[in-house]
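Worksheet for the structure shown next.
Heavy-atom basis, side chains included; hydrogens, waters and symmetry copies ignored. Source: prediction; values computed, not measured. First the proteins, then the strands, lettered A, B, ... as listed; each starts at 1.
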Amino acid sequence: MNTSIRVTLDGSSAEVPVGTAVREVLERLRPDLAGQALGVRAGEEVLDLQRRLTQDAKLEVVTAADGDPGALYLLRHSAAHVLATAVRELWPNAGIGFGPPIEDGFYYDFDVPRPFTPEDLEAIEAKMREVVEADHPFERREVSRGEARALFADDPYKLERLEEIPEGDVISVYRDGPFLDLCRGPHLPRTGLVQHFKLLSAAGAYWRGDERRLMLQRIYGTAFFSRQSLERYLHRLEEAKRRDHRMLGKQLDLFSIQEDGGPGLIYWHPKGAMLQFLLRRFIEDELLKRGYELVYTPHLASEALFQRSGHLQAYAELMFPGMELEGEVRGYRVKPMNCPMHMLIYASQQRSYRDLPKRYAEVASVYRFERSGTLHGLLRVRSLTMDDAHIFCTPEQIEDEVLGMLDLVDHVMTTFGFEYRLALSTRPAKRIGSEDLWDAAETALRRALERRTLAYALDEGGGAFYGAKIDCKFHDAIGREWQGATIQLDFVLPERFGLAYIGPDNAPHRPAMIHRAIFGTLERFIGGLIEHFAGAFPVWLAPVQVRLLPVKEGHRAAAADLAARLRAAGFRVELDDRNETVSYRVRDGEVLKIPYILVIGEREASAGTVAVRRRGAEEKQIVMPVEAFMVQLRREVAERSRDPVQSLTAPAGRA
RNA sequence: GCUGACGUAGCUCAACUUGGCUAGAGCGGCUGAUUUGUAAUCAGCAGGUUGUGGGUUCGAGUCCCACCGUCAGCUCCA
């Protein structure tokens, strides 16, 4: 067995004995950085300076940098320990759960007698500063299982975790000052390096994320290497609140949720309804171009249907309760999904392989009894309008169908300028359908993704029990991730409904079935759009595209004529002839984020021109002939342009 | 659903740590004056059973209980 290993650090390498600490390698190979190094990167993994090397390694030094995920990982993981150290000082008997770094910070879960208050957080933060000032070294030690059991004899959560560490794995503990944690690491060299941090919130969180188990108290915080980065982050959070679709929805009068009407049920006001109308028209046009057929089905059906589809067995707790209708033997339910209805249409006649694929699309509201605590503006509701479709095809056609859907998803997302992420979810442990079926399904999805060379995350075992799926995710204003488009294979429903097509062999075969939604739901998609555009919708989507302001009373008639003309040309126009100054009305239009404000005064009325003020443009007014403006507007709508039109200039020789 | 916080005019927010006269302000609305040229003209008026229902108290926006709703997180999901 080798007693020495070869270690390469930032390009230079050395032969060192097995078990040499990273710190020693560093002092030998990069003495210049020894003081600044926080850890090293070994491929994907970050190691701290105390780690002993047991095999050949290629390392890179990690130094303090807010742009380096590895450095931030060390920092935030250590900040979580500093937090726990402080909490243990103030609540010596606090139980400790997990405390990992996360996307934008870190958290730690505690078992304490009462929930933390905002004042507690301040006190904890002050105590954290003391821990930082004490500059305790983070000490790593590898221990035996027996020793670990003894060390954490009073920490039931740690003991539970300990027992899950597989036999043979290294068990390590980290100490900083008085605080000892069962932890894999890595950590910063010392607590003193955690300089710029802030505790953000506290809330309950179930131990191990299991709602049947005890609720611990979680504290969230964030940390950066520089004060500027911390402040920039906190400022970004503030900014994000101004994009919140719930606030903008109220300000721009798009929608409301009525306490008298019930939670999670959306009232679309005229301007929000216009958004929904435009999106619907957009997607339905796209679907018709792609060989879909539109269907309309009832929002209500006999319980027998949902019995047959399996919803009443598998999905009952998300369905609104049944209703008894006078004189009817059976109960009725509002639909939580459209698939059972589309199944019935397919099953209404005999199908030939020549008919396939059959693509039924329906933009329809469905109703789901989401748990009250999960409701969130437009992003999680109880009446949701899906741009739903069900594709019935032969197993061989699945791949091409999925490919077409991925193209449509991409077309839609790029039209709106949405960044998105795809995830492929494969067979879960609890599933139905033969292995052959799953193999074919997963292969079809994967091959479709790869044929379009799309990057995707793999969610092993994350599929639904009835089929594999591809999901598309996007972020809201404050960075929470939501699911939008979804493409799901389904092996169950064709079976349950006994669907068939007659193949070339003159024998019946079971068709494959794909559920899919591109927007996901109009509610969630519009919520996302509002935040994405911060309420400043591109012209083709803006509920009001143009606002006309006559300068004074005498110009009202000219403005009204122009409004009528624009409307006749298909534009969405408002006339603002209120008895207010031009400045006031311009401001009002700006606040409402209307793309074009046109001022009509003496000059314009007599010359047939308009003074155009384009939202966000440098130049505050550009005088141009009405015709030229209309051409411009028409082009912008046709192109679904997302950027302010740069070419909007006055014709040469303008007055 | 769970834990915690919150709920005052259409909107945003006041009403003192410790219950005390008729619950205030800005924006918005209405009326009038002003006839306005690119981000707020001036004046007046109206607008509230302080989420709902109970309770404590001489007295409750303020304290207690229940319910409804909202927010953050957990869980779940389009």
Does [N] have OP1 or OP2 sitting under 4.0 Å from an N or O in the side chain of [X]?
X: A/R246; N: B/A72; answer: yes
X: A/H376; N: B/A72; answer: yes
X: A/R613; N: B/A39; answer: yes
X: A/K552; N: B/U36; answer: yes

Could you state the [atom1]-[atom2] distance from [X] to [N], rounded to the nearest angstrom?
X: A/F110; N: B/C74; atom1: CZ; atom2: P; result: 16 Å
X: A/D260; N: B/G7; atom1: CG; atom2: P; result: 20 Å
X: A/D576; N: B/G37; atom1: CG; atom2: C1'; result: 14 Å

For nucleotides 30-33 of chain B, which of its nitrogen or oxygen atoms have a protein nitrogen or oxygen under 3.5 Å away, and what is each distance?
none

Salt-bridge criterion met for [X] and [Y] (N-O under 4.0 Å):
X: A/D210; Y: A/R208; value: no
X: A/R547; Y: A/E590; value: no
X: A/R480; Y: A/E531; value: no

With sugar-phosphate meaning primed atoms plus P, OP1 and OP2, does [X] contact a base, only sugar-phosphate, or nothing at under 4.0 Å between heavy atoms?
X: A/R480; answer: sugar-phosphate
X: A/E370; answer: base
X: A/G373; answer: base

| Flag for A/K335-A/S365: side-chain donor and acceptor within less than 3.5 Å | no
Can you tell me if A/D410 and A/Y420 form a side-chain donor-acceptor pair at under 3.5 Å? yes
From [options], pick the nucleotide closest to the side chain of [X]?
X: A/Y584; options: B/C74, B/U75, B/G29; result: B/G29
X: A/P115; options: B/G4, B/U36, B/G73; result: B/G4
X: A/R524; options: B/A78, B/U35, B/U75; result: B/A78
X: A/R380; options: B/A78, B/A39, B/G1; result: B/A78
X: A/S583; options: B/C68, B/C74, B/A39; result: B/A39
X: A/A611; options: B/U75, B/C71, B/G37; result: B/G37

| Looking at A/Y108 versus A/F106, is the centre-to-centre ring distance below 6.0 Å? | no
Side chain to side chain contact (heavy atoms under 4.5 Å, CB included) with A/Y456: of A/L445, A/L422, A/L406, only one passes, and it is A/L422
Identify each atom pair where a protein N or O and an N or O of nucleotides 10-14 of chain B are less than 3.5 Å apart, giving names and distance.
unit_1, atom_1, unit_2, atom_2, d
B/U12, OP1, A/K250, NZ, 3.4

In short, A/R603 meets A/S606 closest at the heavy-atom pair O-OG, 3.1 Å
